[in-house]
Structure formats: structure tokens, C-alpha cells
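Below you'll find the structure, written out as C-alpha cells, and then a few comments.
Just so you know, these numbers use all the heavy atoms, side chains as well, and skip hydrogens, waters and symmetry mates. A note on names: the letters A, B, ... follow the listed sequences, proteins ahead of strands, and every chain is numbered from 1.
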Protein chains: 2
Amino acid sequence: MNKVKQAPLTTTKAQALDLGRHYLQTLGYNAFSFQLIADELGIKKASLHYHFASKEDLGLALIADYEAAYIESVEKMKDLSALQKLTRMTRIFCRMSQDQKKLCPLGVLAVDFNTVPAKMQKRLLDFHKIQQNWLITTLKQGLKEKSLKKDLDLNFTADLILAAIQGGLLMARVRGESATLENMLEKLIKDIKR
Amino acid sequence: MNKVKQAPLTTTKAQALDLGRHYLQTLGYNAFSFQLIADELGIKKASLHYHFASKEDLGLALIADYEAAYIESVEKMKDLSALQKLTRMTRIFCRMSQDQKKLCPLGVLAVDFNTVPAKMQKRLLDFHKIQQNWLITTLKQGLKEKSLKKDLDLNFTADLILAAIQGGLLMARVRGESATLENMLEKLIKDIKR
DNA sequence: TTGATTCTACCTACCGATAGGTAGATAATA
DNA sequence: TATTATCTACCTATCGGTAGGTAGAATCAA
């Protein structure tokens, strides 16, 4: 008797965000449009502006969305060993690449950085710092667990992993294959194991 | 008496290419326009189409231009040791980042890959393979010269260096500093030294 | 319970700006 | 005179964004 109205499985706004992320990851920020998303949803572009007042709005929502997903998946790993965490984390990006050679939204927006509103630039930097800090913390955990080489340079290693992921995603797209990325990240972790 | 007409120091076409590369590296492929370049040159957009019939034309020229510069600088290094080559090569990208946090044209076009004509996609792959092969060859040279660790995985190391460069450039832009990239590439080379 | 009101989520129709690109005239040069 | 390099003027398509309207669901008051 209560809850007569069944809520839609996914709202238009949520679907729009999904499509937005898809097009951001495949086409880049400047090559995807409200029109593209609206067409895919079967609604009018103006209706999309009801949910996202501006492209900046949508862009900020996409970053927030991706960040929330990242934080959630990191949260899920909190009881794992450092090595397990690192492996799972890299697997996220391998799957991303396997899925139509998509790129990390952060990497895409880094390329489009200079064409994006200042507020988005700030969010990007904040998010990047979160990723960096998580990696450093996880590497520290690995040192404590004695699963990583004890003379590891934490900052360097964290940056190298982040760069390898972003660069590897680019290379996977150009080559049209994700295997190299998977091998690279796998070996990279093996190299820091003691 | 011969050569009455002094050739312009740089032709309009060459200047357009320089500006095109500049905007490609700072804004991405889809955010720079003929208008932008024409304005900067002080000519009309239509006049630019005299030199480059289409944006694809300009894009192909930019790739060819960058490739030529790459090959030339590689040619200049041909008598150096492997370690010197690697150091000089990474320095090219460090300077790129120092110069207004520019990205590698290849990395930019990898992000815009799906929005770019097939002919450009092919050239990108070709060029990428050239870079990869050069790195592998140089690493082999390093093995012969006994300056690199003898158990080095050549393909992995070459890919890692390429990825670290592309990813590092992205990170440098988001962070607004190039120091990390320089440190990263320096340490990466140190790590493969024996 | 009914009627008025407000809210949600869409619509049509349009705006100015800019994109890539073309036709054809014109000026300067060899 | 033929070629090169530029111009003016225009095209169509699309961009992000807005104005104003509407059907239907939800909320609130009598």
C-alpha cells in the first residue's frame, strides 16, 4: 500500500551521466555534446539542460561521479593486503581499456585541461591528489607488510604507477589492444615486490 | 644579383604548422581551429585553406612534421651511447612540459583518436611503432654496451618508458609543474642502469 | 474528497557564435 | 601571362544555451 509509485530503475539523469562518461572516455570533452547524449536517450537537448544547466555542470557531475565510484571501490578494498589492493586497482584500468579502449576520465580531462572551466580544473587536481595519496598510503602499507622492496622510493613509485596507467591507456588505444597495458602493470607490480 | 628576392625567413605555411602544433599541444585536436591559427597569422581563414585544404590535411601535416623532427633529433644522436640517447630523448619531453605544460602531439591525438580520420589514425600507429622500435633498439645497444641491467625485459621497459612519458606529461599539466616528470624519467633510467 | 497549486520532466522553437569548407575576385610575383 | 597567395563573401551544420509552454504527478487546503 505504501510505495505505490515504482521508481524507475535508473533515472534519466543517471542515464545521462552514464552516457556522458562513455562519450567523455571515448571522444574527449570537446567532441561530445548535449545533442549526442539527448539523441541516445531519446529526449531533446533542451530537456537535458533541465538536468544539467550547463556543460560545466555536466562536467563537474562526471568528475564527482567518477570520484565517488573510485572512492567506493577503494573503500571495498580497505581490509586487503597492499599487494591485493594494487592488483585490484590496476585491474580497474585494464577493464577500462578492454571496454572499447576507453581512457580514464581524468586522463582525458588532463588533455582538455586548458579548454575546461577553472572549477573543473580544480576538481581534477583534487581528485588526482586523492589517487596519489591512496597509492602512497598503500605502498607504505606494503612496506609495513614486508611485501614490497624496502628501499622503495614511495613518491616516485606512486607517480610511476599513475603515469604508467595513463600512458598505457593511451598506447592501448593507438595500438588497438589492451594486452600490453595488462602486462605492463602486472610486471610493474612484480618489480616492486621483494 | 641572383637571388634578388629574399626568401621569407619562415613561410606562412611553416608558421601555420608551428601554430598548429602549438594549439594541438595546448588545446587538443577538437579545440583548435583554422580561425585561431589564421587570426594569429593575421590572415583570413580562407587563406589558410589555400595551404591546407582540410583539417585532416593539416592534421596529417602536423604528424609528418613532428615525425620529421623526431627522426632528425634521433639521427643526431646516432653516435652516442645508449644511456646518453635515453637521457637526451627524455629531455625532449621534459622541455616540452616546461614549455607551457605542453603535451606530446601523439598523446593528444591518442585521446582524440576516435574523432580523427582513419588516415591520421594509421599515421599515429606507424609513428608510435617507430618510437617503440627506436627505444627497443637503444635498449639493446645499452645491453651490448653493458650499461643496462642484463636481465632487462626489452619490450616491457620500452613500453614503460613510453607510457611514463605520456602519463607524466598529463600529470605535469594537472599539477602545474614539470619537476615530477623530470624526476620520474631520471629515476626510471637510473633504475634500469646496472 | 475535491479543487487549486506547485513541481517534474519533458517539449518546440529559437538565439548568437563558431565550426569546417567553398567560390570567385584580386593583388603581387616570376 | 601564369602562378601564388591572399581576399571577400558566403554556405551548411553544429555548438552551448534560453524562452516559453505543457502534460501529468504530487502536495496542500477547504
Side-chain angles (χ1 to χ4, degrees), chain A residues 1-20 23-24 26-63 108-109 112 114-120, chain B residues 1-20 23-24 26-63 108-109 112 114-120:
Chain A
M1 218 177 105
N2 43 2
K3 288 266 175 97
V4 169
K5 169 209 167 187
Q6 70 268 33
L9 284 175
T10 75
T11 64
T12 299
K13 188 167 182 171
Q15 288 179 67
L17 272 173
D18 279 348
L19 284 167
Y23 286 125
L24 177 67
T26 50
L27 303 179
Y29 187 73
N30 292 300
F32 91 82
S33 61
F34 273 55
Q35 191 67 65
L36 204 59
I37 297 172
D39 287 351
E40 199 78 15
L41 284 174
I43 64 174
K44 296 295 157 178
K45 188 184 59 164
S47 309
L48 205 51
H49 275 284
Y50 169 78
H51 299 287
F52 303 99
S54 65
K55 195 171 183 181
E56 175 175 356
D57 247 53
L58 175 54
L60 288 168
L62 287 171
I63 296 174
V108 171
L109 290 169
D112 296 326
N114 296 323
T115 71
V116 132
K119 211 177 285 184
M120 283 181 66
Chain B
M1 216 175 111
N2 44 1
K3 289 267 173 98
V4 169
K5 170 211 170 186
Q6 68 271 32
L9 286 175
T10 73
T11 64
T12 299
K13 188 166 184 173
Q15 289 178 68
L17 273 173
D18 279 348
L19 284 167
Y23 287 125
L24 177 66
T26 50
L27 304 179
Y29 187 73
N30 291 299
F32 90 83
S33 61
F34 273 54
Q35 191 68 65
L36 205 58
I37 298 172
D39 287 351
E40 199 78 16
L41 284 175
I43 64 174
K44 298 294 160 180
K45 189 184 57 163
S47 310
L48 205 52
H49 274 284
Y50 169 78
H51 299 286
F52 303 99
S54 67
K55 195 171 184 181
E56 176 176 355
D57 247 52
L58 175 55
L60 287 168
L62 286 171
I63 296 174
V108 171
L109 290 169
D112 297 326
N114 296 322
T115 71
V116 132
K119 211 177 284 185
M120 283 180 65

Between Leu36(A) and Ala53(A), which has a closest nucleotide on DNA chain D that is more 5'?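 Looking at DNA chain D, the more 5' nearest nucleotide goes with Leu36(A).
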Could one point to a donor on the side chain of Lys55(A) or the base of dG17(D) with an acceptor on the other under 3.5 Å away?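 No such pair is found, so the answer is no.
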Out of [options], whichever nucleotide has its closest atom nearest the side chain of [X]:
X        : options                  : value
Ala46(B) : dT6(D), dA9(D), dG21(C)  : dA9(D)
Tyr50(B) : dG17(D), dA19(C), dT4(D) : dT4(D)
Lys44(A) : dC7(D), dG17(D), dT12(C) : dT12(C)
Phe34(A) : dG17(D), dC7(D), dA19(C) : dG17(D)

Taking Lys45(B) for its side chain and Ser33(B) for its backbone only, find out whether a donor-acceptor pair lies under 3.5 Å.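 No; judged by distance alone, with no hydrogens or angles, the pair does not exist.
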Would you say Gln15(B)'s side chain and Leu41(B)'s backbone share a donor-acceptor pair under 3.5 angstrom?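 Side chain of Gln15(B) to backbone of Leu41(B), a donor-acceptor pair under 3.5 Å: no, none is there.
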To the nearest 0.5 Å, what is the distance between CZ (Phe52(B)) and CD1 (Ile37(B))?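 Separation between the atoms: 8.0 Å.
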Taking the six-membered ring of Phe34(B) (Phe, Tyr or Trp), confirm whether the NZ or CZ of Lys55(B) is under 6.0 Å from its centre and within 45° of its axis.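 Verdict for Phe34(B): no cation-pi partner in Lys55(B).
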Given atom [atom1] of [X] and atom [atom2] of [N], what is their separation to the nearest angstrom?
X        : N       : atom1 : atom2 : answer
Gln35(B) : dG21(C) : CD    : P     : 13 Å
Ile37(B) : dT6(D)  : CD1   : P     : 14 Å
Lys45(B) : dG20(C) : NZ    : P     : 7 Å
Asp39(B) : dT18(C) : CG    : P     : 10 Å
Ile43(A) : dT8(C)  : CD1   : C1'   : 13 Å
Asn30(A) : dT18(C) : CG    : P     : 15 Å
Leu58(A) : dG17(D) : CG    : C1'   : 14 Å
Leu48(A) : dT12(C) : CG    : C1'   : 16 Å

In terms of the nearest nucleotide of DNA chain C, which residue is placed more toward the 5' end: Lys13(A) or His49(B)?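 Result: Lys13(A).
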Are any of [X]'s side-chain N or O atoms less than 4.0 Å away from OP1 or OP2 of [N]?
X        : N       : value
Thr12(A) : dA9(C)  : no
Ser47(A) : dC11(C) : yes
His51(A) : dT8(C)  : no
Ser33(A) : dC15(D) : yes

Per the side-chain contact (heavy atoms from CB on, under 4.5 Å) rule, which among Leu62(A), Leu24(A), Thr26(A), Leu27(A) passes with Val108(A)?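 Result for side-chain contact (heavy atoms from CB on, under 4.5 Å) with Val108(A): Leu24(A).
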For Phe52(A), answer base if it contacts any base atom (sugar-phosphate contacts may also be present), sugar-phosphate if it contacts only those atoms, and nothing otherwise; contact means non-hydrogen atoms under 4.0 Å.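 Since no nucleic acid heavy atom lies under 4.0 Å of Phe52(A), the category is nothing.
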